[in-house]
Amino acid sequence: MRRGPSTFNIASVVLGMAFLYAPIVILVVYSFNASRLVTVWGGFSTRWYAALFQDQQMLDAIWVTARVGVLSATLATLLGVLAAVALVRGGGFRGRTILAGGIYATLVMPEVILGLSLLLLFVAAGLPRGFWTVTLSHATLTLAYTTMVIQARLGSFDISLEEAAQDLGCPPWKAFALITLPVIAPAVAAAWMLAFTLSLDDLVIASFTSGPGATTLPMRLYSQVRLGVDPKINAVSTLLIGVVATGVIAVYLLRQRRAPA
Amino acid sequence: MASRQIGAIRSTFAPWEDPAAKPLVRFEGVSKAFADTPAVKGVDLEIYEREFFALLGPSGCGKTTLMRLLAGFESPDAGRMLLEGRDIGADPPHRRPVHMMFQAYALFPHLSVAQNVAFGLRRQGVAKAEIGPRVEEMLAMVKLEGLGKRRPDQLSGGQRQRVALARALAPRPRILLLDEPMAALDRKLREETQFELMALQQRLGMTFMIVTHDQDEAMVVADRIAVMRAGEIVQVGRPAEVYEAPADRYVAGFIGDVNLFEGRVAATEGPLIRLVTEDGAFDAEGSGAVGERAWLAVRPEKIAVHAEPPADPRNRLAGTILDYGYLGDWTTYVVEIAPGRTVRAARANATRTVERPLGCDDPVWLTFAPSSAVVLTR
């Protein structure tokens, strides 16, 4: 018997990966294109990266996106910890199913609907659309993901650790802060990274809930592309891919690093 | 010298027999149910200062629930729990001077060994300068000197168990609860640990309560054993009392091996009772009224095995060896006394060679002294 992958297996993996990643590879390659024409290769250059850092509008968008990402991820992680505690530790309290369903519904809810309903809410509440409405909306969007990641870790957390801390003199909240949180910290960090990454590349919700002066990077890119493809877009997209890939890999590594039982 | 002293203390240590002695812990009619399934049913129990007390029973008998009630992780549905005469029922776990050593040790994985041991001291507000020496002292006590900087996952199972013990003992609880503390250790290590635990308890003069399903463990370590069944305490007594004078057939069977013969009480004469069974009439100690249904319980090691018929027909059974197991120190014989009915007898192998070893299908006679058997009416 011949061991190892067959020709068919190799071919299917190559084709599958090409299908998924060829467009991204092309984008990354063309971000180093010296030519002004996006589709014609004119030699290697980093001039578009340099140009990017001259483009104040682009830099503003990056700055808005970073702030929205950090704030919304932090908010979603805090709420996610609370929701996970309620779902894992709360037992069979009234409304548990509604809480779980309510949190996870946003996973399957079309983003357009979520964006539209958030917009209607902000209009009805008389909130001026801008930086804070995008941040809140992204926290809403990512809460389901952070809850899911933290809930999974908390579910496998050995409750006797917390009991031991209480037994040795900690009130329940302190036992949670001193023992449980540090032990589940990798999952909490993973949840934060996931939320940050999701916030970073969201276009739909940001488009609905943003206002003047709070243009996020995906919104800026989208509007730029409609006016014609500028090679700077390849450069900023490559950077974005880098950040997102780093985030995803970090999430993976953090979730691998489980505390030994 | 030290061991003799321990022996001397042990032989006179019986505060439960002293009507003036005040119990350290007292359960009064404590009940607890989980979702309508009773786990603990009306338990009354007194545990005394410096006592090593064992809760013994099969899994699901409520022994762990009883311990968790005392630690404060469960609250009783009915009854009271007193610690030094004070009702502690309303105190949360962190306010009770009761510490627990958890079954899976529950060491904090993100803290070092020394930080684990220091945890309870920090919470008590012990001065920083004092914590270091106290931790060193505790680690030395459990023979883990120099391992303070390690993480729990860098330790062996036996070492983790010691860290858990040191952590629970460091804040000097009024009573230490041990939940199946040796379940995860191999047999050899378990035996060593049992003796170390006893020596430690003596040296510190503390009160220990151990929960275990291992009857040997309870017999070895405990001053008194409470045997539990289905949420109730069936018998409380010294290991020898529980073994030699079991309250009922359940206790007799749970602690050690036992041969039971069912019959009726035919006569009583002083301390002796004559029980008539299918296998003959036997004399034994115990209590029972004439005509009452009762069981004769006799331990395998109390039965003598003879190759020739003994002259005295009292408490004598004839049979053939069906099977035997040679254990080195002991040989256990399974003797068929009637078709399908067997008796276990054990013989200490006191000499190195047996002149004519008994083997399968050999006819044998079994005898036991009336004082070696007990009549049970439950």
Side-chain angles (χ1 to χ4, degrees), chain A residues 77 81 84-85 87-97 149-193 250 253-261, chain B residues 34-35 64 67-68 70-74 91-112 115-126 138 151-155 157 160 163-173 175-180 184:
Chain A
T77 306
V81 169
V85 169
L87 290 173
V88 174
R89 301 278 175 80
F93 62 90
R94 271 173 84 129
R96 187 186 186 282
T97 318
V149 170
I150 297 166
Q151 190 189 0
R153 180 62 189 97
L154 205 57
S156 67
F157 175 81
D158 180 5
I159 189 80
S160 69
L161 291 183
E162 215 173 278
E163 287 183 343
Q166 289 185 32
D167 190 63
L168 291 165
C170 281
W173 64 269
K174 200 165 187 180
F176 187 81
L178 285 179
I179 302 301
T180 312
L181 267 186
V183 172
I184 66 165
V188 175
W192 190 92
M193 284 306 298
L253 292 177
L254 286 167
R255 297 205 64 187
Q256 287 288 300
R257 216 186 76 185
R258 283 259 165 114
Chain B
F34 295 107
T64 300
M67 175 173 274
R68 290 176 60 84
L70 186 56
F73 296 123
E74 313 289 351
D91 293 357
H94 65 274
R95 296 243 173 77
R96 296 189 190 193
V98 172
H99 294 334
M100 187 158 162
M101 185 183 147
F102 288 78
Q103 184 173 2
Y105 312 143
L107 298 178
F108 307 134
H110 60 299
L111 300 181
S112 71
Q115 285 170 325
N116 265 281
V117 176
F119 194 87
L121 298 172
R122 290 234 163 84
R123 303 284 88 69
Q124 278 188 343
V126 174
M138 294 314 291
R151 296 272 159 151
D153 60 1
Q154 295 170 311
L155 300 178
R160 280 186 217 182
V163 176
L165 184 63
R167 186 180 68 179
L169 282 173
R172 299 214 145 248
I175 179 166
L176 177 72
L177 311 179
L178 303 122
D179 185 7
E180 303 270 5

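Per chain, numbering begins at 1; letters A, B, ... match sequence-line order.
Residue contact with chain B, scored on non-hydrogen atoms closer than 4.5 Å, involves the backbone and the side chain of A:Ala165 alike. Neither the backbone nor the side chain of B:Pro92 comes within contact range of chain A, judged by heavy atoms closer than 4.5 Å. Of the two parts of B:Leu107, only the backbone, made up of N, CA, C and O, holds a non-hydrogen atom closer than 4.5 Å to a non-hydrogen atom of chain A. With a 4.5 Å cut-off on non-hydrogen atoms, B:Arg68 touches chain A through its side chain but not through its backbone. Residue A:Ile159: no heavy atom, backbone or side chain, is found under 4.5 Å from chain B.
Here the straight-line distance linking atom OG1 of A:Thr77 with atom CE of A:Met193 works out to 10.5 Å at 0.5 Å rounding. A:Gln166 contributes atom CD, which lies 11.5 Å from atom CG of A:Leu178 (distance to the nearest 0.5 angstrom). Expressed to the nearest 0.5 Å, how far CG of B:Asp179 lies from CD of B:Gln103 amounts to 5.0 Å. Taking CE of B:Met101 as the start and CG of B:Leu176 as the end, the distance is 8.0 Å to the nearest 0.5 Å.
Interface summary for chain B: among A:Leu161, A:Asp167, A:Asp158, the most heavy-atom pairs under 4.5 angstrom belong to A:Asp167.
The shortest distance between side-chain heavy atoms of B:Pro152 and B:Asn116 falls below 4.5 Å.
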